[in-house]
Every structure is written in C-alpha cells, then in structure tokens.
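Data first, discussion second: the structure below is written as structure tokens.
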Amino acid sequence: MPYISVAVSLPVMKSYTYKVPDHLQEFCSPGVRVLVPFGKRRVTGYILAGQESCEGFTAKKILDVLDDHPLFPESEILFFKWISDYYIYPLGDVIKAALPSGFDRHDVSFVSVTQKGRARLDAEGLTPGEKQVLDYILPKESCSLKQLKKNCQNTTINALIRRMEKEDLIWVSSVLKKDGAKIKKEKFITPGDEPTTVIRMSKKREKILALVKEKQEISLTGLKVIIPTAPALIKPLALAGYIKIIQRQVFRDPLGEPVEPDTPPKLTFEQEAAVKQVESKFNLGFCSYLLSGITGSGKTEVYMRLVWDVIEKGKQAIVLVPEISLISQTERRFRARFGDKTAVIHSSLSQGERLDQWRKIALKKVSIVIGTRSSIFAPFENIGIIIVDEEHDTSYKQETGLRYNARDLAVVRGKMNACPVILGSATPSVQSYQNVVMKRFEELKLETRINQHPLPGITLVDLKKYKDARGYDRIITPQLSKEIRHCLDKGDQALIFLNRRGFATSPLCMDCGKSLSCKYCDVTMTLHKGLNVYQCHFCGYNRSVNTKCPSCNSSKIKPLGFGTEKVESMMKAMFPDARLTRMDQDTTSRKGTTIKILKSIRNRNVDIIVGTQMLAKGHDFPSITLVGVICADLSLSLPDFRAGERTFQLLAQVAGRAGRGQSRGKVIMQTYNPEHFIIEAAKKQDFMEFFQNEVPYRKALMYPPFSRMIQLKISGSDFTKVKDYAVLVAQTLKALLEKTGKQKAMVQILGPIEASIQKISSRFRWQILVKSPSSVLVNSLVKAMMDHPKITSKSGIRLVVDVDPYSLM
Ligand code: ADP
Ligand code: ZN
Ligand code: ZN
C-alpha cells in the first residue's frame, strides 16, 4: 500500500502517516521498523498498518525499511495500543519497551548450516538459491549474515534466508559460536529405517543395536557409559543405515546438571478437578482463574497439564515466573517436560541469547515461552493459555520506563486472545483474591500437599522481652540459638533470614546525635565491614570507614543497627564449628557467585546460611529443616499501604523453605509485634485470616483493590523548581476535576507532598496521588492534565506517571 501509519519512538501519543516509495512497498508490513523523517530528525518507527490514501495533507516519505521480517505480529498491535492508553505512555515507546534491545545491531547475526541442511545438500532437491546459500556458508562453518547477503547476489535473499531458517536448513543466531557455549548440543542415537548395506556385526555392535532398539533414543554420553568405545563404533552403523545419529540441544539446570525428560505423573483428585474446570471452558474463550494452593500442592503440574493440552491443539502458551537470581525450579520442570518446545527468557541471559530466544518465538520454532515479566510481550499469534506463577510477586511490576504490571497485562492479553489466564500462588495478592470475591476470577483450589508432608511448625519469639538483654541475645534469642544448635547436631542445615544487608545499618554520631547520611540521598548509610566502607543503598555512594561526621567533624561514629553481615559474624562466634555462608546482594554481585553458593548449599558444604529475601524465593533446598527469622516486622512499618501484604507473603515464603525434604521443618520467627494480625496469620500460614483482616482496612481508606490510583512523581535537582512544578500539576488536576461536575466526588487528589525519601541521587522528589473507584476517571483526568497547555516539559524536571503504583515511597 502507498501509505503506512507509523508509531515513532518519541514522546508523542499519536501515530503518523508516511508515504512509501514504490520500490520499498513490498518490504513494508505491520511489525516492521522503518526510518522516517520527523521534524529535522530521523527516527525509528514501527509500522502499524497500511493505508490506501492520505487525506488533507502531503505525507512525508519514509527513508528506509530496517527489518526483513516483522518483529511482532499484527495481532499484537491492539495490545500495544491498550498499554499505551492505560499506562499513558507513547505508543512507539511501548513497542520499544516490549521488544528486546539489540535489534539494531543487524550485522551481528551469524549463520551456519544445520544437520538437516547438510543432509539436504547431499540428497539434492534444493533450489539453486538454497544451494548457493549452503555452498557459501559450508566451507567456513559459519559467517555473518552481512557477508552472506553481500556474496549471494539474489534480490529475494532476505525472504530466502527466512524460509531456510524456518525449514531448519540454516541456523541464524546473534550469539557468536564462541561465546554461545551455553547452548550445548549432544549426539543422540535412534534406530534407522532399513539398513542400506549389510555390515559385519561384532558383539559390541550388536549390543549397541539392541540398546538403541530397546530405548528408541539414547544419548551418546549415556551409551559411552555402557560401551566406552561407542563413539568409534556408531559411525559405520549409521553409514550403513542401521542407526541414525542426530544432534540435539540439551538443557542443563543452573547447577550444571542435565535436565532429564520427565514423564507426567497421574494427577491427584484435586489436580484433576482443577484441570477439568479450565478445560471445560476452553471453547468459551477468555476466563481468568486464581489457582490458590499451598507450596507443594502440585500447582506446577496443573500448569504443565494445561499447557500440554494447548500446544497439542497447535496453540501457544506464555508462562510468567518471578525474577529470581537464577533459573527457577518451575523453568527447570518445564524444560524437563517440554524440552526444546520452550523458549526461556530470564535476566541472566546475555543480549544475544535473549535475541535468539526471541527469534525462536517469532519464527514459531517454539510453542511455549517461560520467563520473567517481559515475556508477556512474546510475539505469539495464537495464544491458547497464559499462566502467571507466584502472581503476588512484586517483580511483575516494572519500575522504570514503561511502568507496567505483567500480571495485569496477562489478563488483558488473555482477553484479547480469547484464552484462559491462570494466576497461581500460595499467598495470592489481595487484589487477585478480591477479584475472586467479586466473581471476576474463578478460584481453583489445591488444599493438600502432594506427599502429605505437613507444613512447618512456626513458633513466635517476642523480641520485646530481650530489649535489654546482653550480648547477642537481643538479636539471636536463646530460643533461636538453641534450635540452631539442635539442627546442627542432627546434621541438618539452618537458614537465617534477615531482609537487610550490611553490618551496621544506622551508624550514629555520638557527639551530635545525627545519623550518618548519604551526601546525595535522604537516607542513612550502611556500614559494610567486608568492604571497609559506609555505603548508600540508593545511589551507591561510599564513604571510608574512617570518615568523620559530616555535621560536626567528630570521629566517634557508633555502628548501630544490624544487617546480614553482622548476623553472619555473630553466628561465626556462636557456632564456631559450623560452616557458614551468606547470600545477599553483596555476596552475589560477581558473576557466578550465586551458583557457587547454591551449589554449596545443595551439596551440603554449609550448615548455616544467612540471607536476605534472595533466599526466600524459588529455590528448593531439601536439607534445610530450620528457618530462623531474625526480625519479622522489618517491612511492617514502611509507609506503604501494602506493607502488611508484603510482610505476610515474605514470611510465608521464607517459612516455606523449611522442611521440603523428608523431615518436618521448624520455623522460629522473632518479632516485636507477636499480636499483630499479620504476624498471627503468618504464624498460622492462613491466607484467609490475613485477607479477611486486611480488607476492611483497605476499604475504609479507599486503597486498592477498592480504588484505582495513579501516582505522579516529580523530581529534579532544584528544590524550589520541583516544588513549584508539583504545585502546578496538582492545581491543574484540581481545576480539571472541578469542571467534571457530578464525577467530582468520585476522585481524590492527594498532594503535592514531599516523598517519604525526599532526595535520591541529588534529586528532590515530590508526589501527587490521584485516587478513584473508577480507573477510567483517574486515567482521563491525568491524560487531560498531561495535554493541558500549562503543563509543558520543563528542563531539569521529570514527571513520571505511575499507574497502579507498587512503591509509594
Ligand atoms: P507447587 O507448585 O504447588 O509448589 P509442585 O507442583 O512443585 O507444587 O509439586 C510438589 C511436588 O509434588 C513436586 O515434586 C512434583 O513433582 C510432585 N507432584 C506434583 N503432582 C504430582 C502427582 N500428581 N503425583 C505425584 N507427584 C506429584
Ligand atoms: Zn556529629
Ligand atoms: Zn545515596
């Protein structure tokens, strides 16, 4: 078509029409990027649709087409538009945020010939174009895509490459073979069809044939264990057609163990019921479910069964998992079940590896994507199910740029694709459970643990009793230390949890009484003994341990407050015979260190593990029988209406780390507020008790899920300018609200107020909160404000719109 509508990646809310010169028309389709003139600039844009005509003005011509195939399917554009509208974020930037970065580095793609490609070359039946491509690459093993295109003078080379890639004749990757070491290939042996020639059979050859026949498929590594000379023996057998040798990608878990294929177990009665309930409505299209079930009740198995059904039907599945330091147990199990039908997207992939995964999805080489929040944007066209595991997890909320919530977007995309959406958790979010109460979600329940393992027993210890105790007892109470001793004597492992890192967390000047705060932020610095510095956890600024008080120049700074580093040193002193390790952001910042720590726990080379919430999520340590929570209330007093919810979830999660193996676990939870309803509910591990106590308070204060909120964050380095701008924004909002008449009573505008952390990285922070039971009202009010002629962008001042904010600090 002669015209296209384009979303440019600039802060503009609408799309623009451009003219396509004749010679570029065949390359333009929705999802392809183009280079366009915009004012005096040239910018990247995404084609949204073709257009027959352009009325009323002369459209500018596009300058170039940047892709040889669409980066996302046309069907996803509606989803992007919804996001742009709801999160009040420019459409072009939404698309940019949804795609993995690095597409621009075109020429970094490498091509090589696959096994199938080699076989075809021998068997002939290739088109001259295909043959030319293979002949060019083969002698070099691999070459860059750029080289290939230059040397194969063929006008349809892009389409040809894409087709050959789809047919598995060539392999295109953004990861150079050298550093693509993570993709491990292995030889597998399967029975041949009919031998073409008869060869002499030795004892060993016969044994190989028998083994292959029995197993139908065996890895060369596995065969080597039985017959060490197998590698030399299989070649003639394969040549004669007795067996086939195939190359296959093998998966490894983060600890380096191969992920063995598994066989689905027979579902329990409860699991069966849950699966049936979803399946019975497959044909009805969209429906959202909340799968609530304590840890170990078999939720993952339910997910896998449903995904299986969906891919059998030729559809695709998106499975979202929380961001954790390494690949989770869930990812491992999906790989075991679905092998190379899955693409995996998580934070420890390099940019190239991420692009490769994306490519697999776009080329439909996989039908399942399992990964962290950005996987919700996977370019699938025919989605059959979307699953969000641990739906309460805060890592589904993106906190920079496009501030979306992948859990919420899962429901939106499910609706657009007319497919079921399953949110699962042992500790559902208040919002999702309220959706069950309101009958917007159907509840699926798993109430018993698979192997009837009882949940760990939780004992509360009142820290108030030890306020004036001497020595370590104030932090590690006698009850806790007794249990640790007991655990060590049994030869088990103990996990000690404290969600605060560092040695001393509130250093105080003994002369002037001020706490040592960061030069650039309005926060107290933390002493890190191992690093010999005071550190700011917000901006990273360091002061030497010998620093003097910035206010009075005194050198008497007392290291008050404690974090994981201090607890570790106490443990060392109290249990000199125990082997200790610490797992927090400080000990895992270097590449590979997380794996090392996890391995040492798994191999039982440590007895006591001290850690932050990093340890609470997703890992499975069968020999931990004791969990000690140093201070259960740390997050309870944060100025955030979700503080209670977070605390409950975190405590339930940590407690769930105990007793995952054969013996029953024990949890000692130290707290200053043993009678607080959150702590009580956590002790009983009773989600309903927590929910029923939390809801009246949210309702009374009109907090989500009983209202919708948009937070406006205004920041900048000049205090007065920031404040003035915040006042202007609030005034504009209030004036606009005045004009709405009847709806006025439905919306609250709170602020402007200074944020509770008033300064971060030298930027002063102000906030405004817009609240209403109606999400449409808050949305339209904020949009109207943004479009208001008085609200122009001011240099040095940033205005961020956070829809459904998670962190109000
Ligand atoms: P959840 O995801 O709810 O924590 P999992 O799915 O991890 O629970 O299940 C806990 C354990 O029980 C896993 O080791 C899993 O392999 C096993 N399991 C799940 N379903 C079954 C079943 N139907 N029969 C036997 N074992 C099962
Ligand atoms: Zn001082
Ligand atoms: Zn700082």
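By convention here, the first residue in the shown sequence is residue 1. One-based numbering, in listed order, for ligands and for the atoms of each. Just so it is clear, the values below take in all heavy atoms, side chains as well, and ignore hydrogens, waters and symmetry mates.
With the Zn ion (ligand 2) as the vertex, SG (C552) and SG (C549) define an angle of 110°, rounded to 10°.
At a heavy-atom distance under 4.0 Å, only side-chain atoms of P265, from C-beta outward, approach ligand 1. The part of K266 lying near ligand 1 is the backbone, judged by heavy-atom distances below 4.0 Å. Within the 4.0 Å heavy-atom criterion, neither part of T330 lies near ligand 1.
Within 6.0 Å of NZ in K713 there are more than 12 heavy atoms belonging to other residues, nucleotides or ligands. Enclosure of atom NZ in K490 by more than 12 non-hydrogen atoms of other residues, nucleotides or ligands within 6.0 angstrom is indicated.
Here H537 fails the criterion, with no N, O or S atom under 2.8 Å of the Zn ion (ligand 3).
In this structure, NZ on K683 lies 9.5 Å from CE on M669, to the nearest 0.5 angstrom.
With hydrogens left out, the protein atom closest to atom 2 (O) of ligand 1 is T300 OG1, 2.8 Å, a heavy atom. Looking only at protein heavy atoms, the nearest one to atom 21 (C) of ligand 1 is I450 CD1, 3.7 Å. The protein heavy atom nearest to atom 13 (C) of ligand 1 is R333 NH1, 4.0 Å. Q271 NE2, 3.0 Å is the protein heavy atom nearest to atom 20 (N) of ligand 1. What sits closest to atom 8 (O) of ligand 1 on the protein, heavy atoms only, is G298 N, 2.9 Å.
Side-chain contact between F648 and E694 is absent, with no heavy-atom pair separated by less than 4.5 Å.
The nearest non-hydrogen atom to atom 1 (P) of ligand 1, considering only A426, P264, G296, comes from G296.
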